[in-house]
Trainee: 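Structure in structure tokens, see below.
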2 protein chains.
Amino acid sequence: MRKETSTNALNEKMMIDSCGMSSSLAVIGGRWKPAILCRLSYGTMRYGELKKDIIGISERMLVAQLRELEKDQIITRVVFPEVPPRVEYRLTDLGRTMKPMLDAMSDWGNMYRKHINQTQDLSATVLQDK
Amino acid sequence: MRKETSTNALNEKMMIDSCGMSSSLAVIGGRWKPAILCRLSYGTMRYGELKKDIIGISERMLVAQLRELEKDQIITRVVFPEVPPRVEYRLTDLGRTMKPMLDAMSDWGNMYRKHINQTQDLSATVLQDK
DNA sequence: CCGTATCCGATGAGATACTG
DNA sequence: CAGTATCTCATCGGATACGG
């Protein structure tokens with residue numbers, strides 16, 4: 001970034017050069033984490049609510065992604081010793097610091113989709129800016 | 001955004017709920033695209049420069065990622081009809097609109113890594129904010 | 001209600017050798 | 001110089017059945 005001295009042959013260097021983006025992607029990447037984070041950013045949710053709300057996710061994947069986010073200290077899992085059992089998930093303080101990043105990604109993604117749809121509609125099969 | 005559409009027609013709803021994040025991740029996600037985008041955000045680069053600079057990437061993956069970014073209209077590939085051949089890659093106007101998002105991701109990722117390293121150093125085996 | 005366990009196909013990604 | 005072509009293995013993600 002500042003200078004590209006490629007004398008260091010470590011992948012660690014590559015990650016530093018990638019400006020922390022790789023670290024962010026390691027936490028929020030994957031198919032389902034955006035959906036989970038987007039929902040929890042609005043507040044606490046129960047397991048069943050997440051499962052019902054995120055259309056198409058399997059229980060296996062939901063649990064796996066929640067466990068990863070918990071391990072990464074982005075969310076917390078609160079178990080209520082009741083019958084029937086109840087488990088709530090919420091963002092940690094660290095998780096809430098993601099908001100500017102999530103907003104930026106959401107904004108650009110929406111803009112990008114509109115742009116792609118427009119160019120597709122206008123030029124149909126022809127890509128004239130290539 | 002690209003490849004999920006075939007299996008489940010309801011995924012469209014999920015992606016809208018995910019606030020465009022999925023669209024962004026479809027474009028910038030993956031192991032090598034952060035490294036490529038980060039470098040091209042500083043200006044034009046030749047194929048060989050990218051290959052030399054991004055430690056550990058195989059030619060196969062470099063070409064594949066560049067082709068995807070080109071298809072997504074994020075970068076352009078400029079071929080100079082010279083001997084020896086020369087090919088330059090640069091961001092498109094659309095690609096340059098990613099900067100706020102890339103910066104936000106970079107900033108959060110760097111902050112996150114510092115945070116994780118600190119809590120590891122300080123609390124060792126104990127996680128007290130759980 | 002809130003998960004695990006198991007199986008399996010699709011995709012991502014690395015190594016190596018070759019080419020216009 | 002700037003790529004292709006194959007082969008291979010690891011990981012991601014889906015379906016289904018079962019467990020506390």
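So you know, we letter chains A, B, ... as the sequences are listed, proteins then strands, and number each from 1.
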Trainee: From CD of Q65(A) over to C1' of dG13(D), roughly how many Å is that when rounded to an integer?
Mentor: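 Distance, rounded to whole Å: 9 Å.
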Trainee: Could you check whether R60(A) gets within reach of a base, just the sugar-phosphate, or nothing at all, counting any heavy atom under 4.0 Å?
Mentor: base
Trainee: Can you see if the side chain of R67(B) gets near the phosphate of dG3(D) - specifically, an N or O under 4.0 Å from OP1 or OP2?
Mentor: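 So the side-chain polar atoms of R67(B) do come within 4.0 Å of the phosphate oxygens OP1 or OP2 of dG3(D), strictly under.
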Trainee: Measure from OH on Y47(A) to P on dG20(D) and round the result to the nearest Å.
Mentor: 16 Å
Trainee: In this structure, how many angstroms lie between the P atom of dC2(C) and the CG atom of L50(A), rounded?
Mentor: 10 Å
Trainee: Check for a donor-acceptor pair, side chain of Y112(A) on one end and backbone N or O of M98(B) on the other, with a separation under 3.5 Å.
Mentor: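 Between the backbone of M98(B) and the side chain of Y112(A) there is no qualifying donor-acceptor contact (under 3.5 Å).
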Trainee: If you check the P85(A) side chain, which of dG3(C), dG20(D), dT4(D) turns out closest?
Mentor: dG20(D)
Trainee: Return the nearest nucleotide to the side chain of W32(B); candidates are dT4(D), dG3(C), dG14(C).
Mentor: dG14(C)
Trainee: Rounded to the nearest 0.5 Å, what separation is found between the CE atom of M21(B) and the CE atom of M105(A)?
Mentor: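 It comes to 4.5 Å.
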Trainee: Between R39(B) and E49(B), is the closest basic N to carboxylate O distance under 4.0 Å?
Mentor: no
Trainee: If you assign each of I57(A) and L66(B) to its closest nucleotide in DNA chain D, which residue comes earlier from the 5' end?
Mentor: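 On the 5' side of the pair lies L66(B).
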Trainee: Find the distance I36(B):CD1 to dA13(C):C1' and express it as a whole number of Å.
Mentor: 13 Å
Trainee: Among dG3(C), dG14(C), dC1(D), which is the nearest nucleotide to the side chain of R46(B)?
Mentor: dC1(D)
Trainee: Respond yes when some side-chain nitrogen or oxygen of Y89(B) is under 4.0 Å from OP1 or OP2 of dG3(D), and no when none is.
Mentor: yes
Trainee: Are any side-chain N or O atoms of R96(A) and backbone N or O atoms of L91(A), one a donor and one an acceptor, separated by less than 3.5 Å?
Mentor: yes
Trainee: Report yes if at least one side-chain N or O of R31(B) is closer than 4.0 Å to OP1 or OP2 of dT11(D); otherwise report no.
Mentor: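 So the side chain of R31(B) is outside the cut-off, no N or O lying under 4.0 Å from OP1 or OP2 of dT11(D).
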Trainee: Expressed as a whole number of angstroms, how long is the span from K51(B):NZ to dA15(C):C1'?
Mentor: 13 Å
Trainee: For E59(A) and dA5(C), give me the distance from atom CD to atom P, rounded to whole Å.
Mentor: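 Taking CD of E59(A) and P of dA5(C), I get 14 Å after rounding.
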Trainee: Can you check whether W108(B)'s main-chain N or O pairs, donor with acceptor, with S24(A)'s side chain at less than 3.5 Å?
Mentor: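 Answer holds: no.
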Trainee: Return the value, rounded to whole Å, for the distance between atom NZ of K33(A) and atom C1' of dC12(D).
Mentor: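 Taking atom C1' of dC12(D) as the reference, NZ of K33(A) is at 11 Å.
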Trainee: Write down the distance between CE (M61(B)) and P (dG3(D)), rounded to a whole number of angstrom.
Mentor: 15 Å
Trainee: Please compare V87(A) and S58(B) by the position of their nearest nucleotide in DNA chain C and report the one closer to 5'.
Mentor: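 Here V87(A) is the residue nearer the 5' end.
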